[in-house]
Structure formats: structure tokens, C-alpha cells
Peer 1: 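Quick one: this structure, given as C-alpha cells, is what I'll be asking you about.
What you see is a predicted model, and the numbers here were worked out from it, not measured in a lab. FYI, side chains are in, hydrogens and waters are out, and symmetry mates aren't considered; it's all heavy atoms of this structure. Both ligands and their constituent atoms are indexed starting at 1 by order of listing.
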Amino acid sequence: MRAVAKARANIALVKYWGKRNAALNTPARGSLSVTLDALVTETSVELVEGDRDELVFDGAPGSGSDLDRVSRFLDLIRERAKNSKRARIVTSSTFPSASGLASSASGFAALAVASLRAYGLSLTPREVSILARRGSGSAARSIFGGFVRMHAGERNDGTDAFAEPIEGTHLELHAAIAVFRSDRKKVASGVAMEWTRERSPYYEAWLATVERDLAEAEDALKRSDFSKLGEVAEGNCLAMHACVMAARPGIFYFCPSTLWAIDRIRSLRTVGVPVFFTIDAGPHLVAFTTRASLRQVAAALEEHPDIDRVIRSEIGGPAELVDGGHEGRGA
Ligand code: PMV
């Protein structure tokens, strides 16, 4: 049996940084994101004979830690399906992997949807979100389109740590994603989260910030208040990075030109352009703006010689099987 699925990356406006339970990959707090149409991962899963899984990652054979992580994730599905068959997984993305551009979100969301179908399982979108979370915390959100909230949950088994779509907002965001020329990111987010929890004097303050930011961001969405949402998202992003930098020793995801890009976005705002930024665990900057200002924002970011390309994106839809079925509609 072979199944193909695609999922879009999401970018958190209120970020997930810190685990409640590392084994179950439950987050310490909730988070809030928007799914982006232009950042797509497509994955096929085919059941094969043999005693090991095989991974082809952006055209090259995947091995080592990437393959282990995928195999451990498939083990969860094999256990559920009572089917021990191995799989050949072929995956590719329209954007750089493992560089802090949320490839694990779209990657594990697409893998969850394709492998469930390949192993003959049918779950509700909420159950798919819970499963995707085991691969990557942010993948739980990429099961859904639009604006998405992730619940931290309280249960020890992780069954209440899932994402769901936020209904009733009319805010239209457009993204200009500034991709810097850079190598693979140096510290994986999962490792850096644990490092921060153990070693940053600001970790508890960060968790308290998230609680407040979630409430304010949801309220801004309800009122379709672009500038309030931007204020919360920028503050939340900088608080996360400050917490990570303050760990001893600190971790830096920015490259020098990231600061240039932050400054550029703020200068645009001073002259009246509606725009705000956020940055995940990597150097790239995502600017959010309106449809009318997208061209101006993208052109401003393209001025910098270290920026490889600026990807323009609208808000994206849910993870889906490529032969048609939607996995992320409703909850
Ligand atoms: O899903 P993970 O384990 O790669 O962690 C994602 C961490 C951030 O992208 C920095 C924040 C987020 O909420 O997506």
C-alpha cells in the first residue's frame, strides 16, 4: 500500500518553547500559529518487504538521526495498526529543511497523514494532531489550516495536548519569508528547549509571558486587530530568543543579518506600512503584512545581499492526502 500526503508549514505567533513531558513531547504551554500556503512538504509512504525503513529526503538518502526519528514515529503507527511492515518514505519540501523554517512541522504532519493511510488506519483530525505531536510539537498544528491554537493539556498520557483551528477571525495575513544563506541549524529545537529549561534564568518568566500572549493574541484575532497581533507576536518572539540567549551558555539562532531584517521591518512600520515579524529557531525572518503591502515588504527584504530569496505566501489549508481526502477539516 502506498499513500501520498502534503502538509504546509506553520509559523507560531505565540511560540512553543519548552516541554512538559519530553517522552510524550507535550508542550509546557499552549501556542498559536498560522499555516502558510507556500511552505509545502509532500511525502509518500509505501509498505515494503525487508527489515528496515528507507528514507529519501529532498532527493538524497536519509540516514542516521533523521531516519531514526522517522522510524520511531512509524513504530507508533505500526503498533496501533498491528502491522510490523517496514516502509519506504520519500519526502521533499519547497523550502530549506532543518534551518529553522518549520520543516519538521510540515514534515511530520505529512508523514502522519500518509503513513496512517498506508497502514490502513483512520483517525479523527484531533487524533492525527496528537499523533503528529509525537514527531514534532509544531507538527500538531500543521494538521489544520488557517489560524491554529495548540493546547498544552494536563493529562499524563498526552491525549489532551492537541491543536485545533481558531474560527471566526477575518484577519487576512500575507507573509514575506526572508531566507538567509546559511547552513543547517546548529542546535535542534528539541535539544535547545531542554537546554533552556535547565539553564536559562528566564525560563519561568518565559512561560508566564506565553500565558498572557496567548490570551492577547486570541483577542486580537477575534477583533481582527492587525497591529495588536503584531505587537504580541514580535514581543513573544523576542522573549523566546532572549530566554534562549540567556541560557548558560546561551544559544543564538540569529545571524548578523537577522538584526538588519528586524530593523528594516521596524523602519517600514515607522513610515506607515502595516507589518510585523517573527523568527523561529533559525536565522530566517517571517514578515507578516497585508495583501496591499506585500510587494513593498518583500522588495525591502530583497535589498540585502545575504538574503537568498524571499518567499511570498498566503495563509494555507490543512494537511491532506494527495488523492483528495482532507485530514484537517473540523475537529
Ligand atoms: O516542533 P519543534 O520541536 O521543531 O519546535 C518548534 C519550535 C519553534 O518553531 C521555535 C516554535 C514553534 O512554536 O513553532
Peer 1: Can you check whether Trp17 has an N/O within less than 3.5 Å of an N/O in ligand 1?
Peer 2: no
Peer 1: Is there a path from Leu74 to Leu123 through hydrophobic residues (I, L, V, M, F, W, Y) whose side chains come within less than 4.5 Å of each other?
Peer 2: yes
Peer 1: Ignoring angles and geometry beyond distance, decide whether Ser31 reaches within less than 3.5 Å of ligand 1 through its nitrogen or oxygen atoms.
Peer 2: no
Peer 1: If we only consider heavy atoms of Arg141, is any one of them less than 4.0 Å away from an atom in ligand 1?
Peer 2: yes
Peer 1: If the cut-off is 4.0 Å to any non-hydrogen atom of Ala12, which atoms of ligand 1 fall inside it?
Peer 2: 12 (C), 13 (O), 14 (O)
Peer 1: Could you tell me, atom by atom, which parts of ligand 1 come under 4.0 Å of a heavy atom of Lys15?
Peer 2: 13 (O)
Peer 1: May I ask you to check whether over 12 heavy atoms, not counting those of Tyr202, lie within 6.0 Å of atom OH?
Peer 2: no
Peer 1: Counting only heavy atoms not in Glu79, do more than 12 sit closer than 6.0 Å to its CD atom?
Peer 2: no
Peer 1: Give yes or no for whether the N/O distance cutoff of 3.5 Å, strictly under, is met between Asn10 and ligand 1.
Peer 2: no
Peer 1: Within a distance under 4.0 Å of any heavy atom of Ala281, pick out the atoms of ligand 1 and give their elements.
Peer 2: 10 (C)
Peer 1: Regarding Arg126 and the six-membered ring of Phe162, is the cationic atom NZ or CZ under 6.0 Å from the ring centre and inside 45° of its axis?
Peer 2: yes
Peer 1: Between Phe288 and Phe226, is the gap from one ring center to the other below 6.0 Å?
Peer 2: no
Peer 1: Is it the case that ligand 1 has an N or O less than 3.5 angstrom from some N or O of Tyr16?
Peer 2: yes
Peer 1: Please state whether Ala105 comes within less than 4.0 angstrom of ligand 1, counting heavy atoms only.
Peer 2: no
Peer 1: Does one side chain, of Thr35 or Arg8, offer a donor that lies under 3.5 Å from an acceptor on the other?
Peer 2: no
Peer 1: So, His174 side chain and Ala287 main chain: donor-acceptor pair closer than 3.5 Å or not?
Peer 2: no
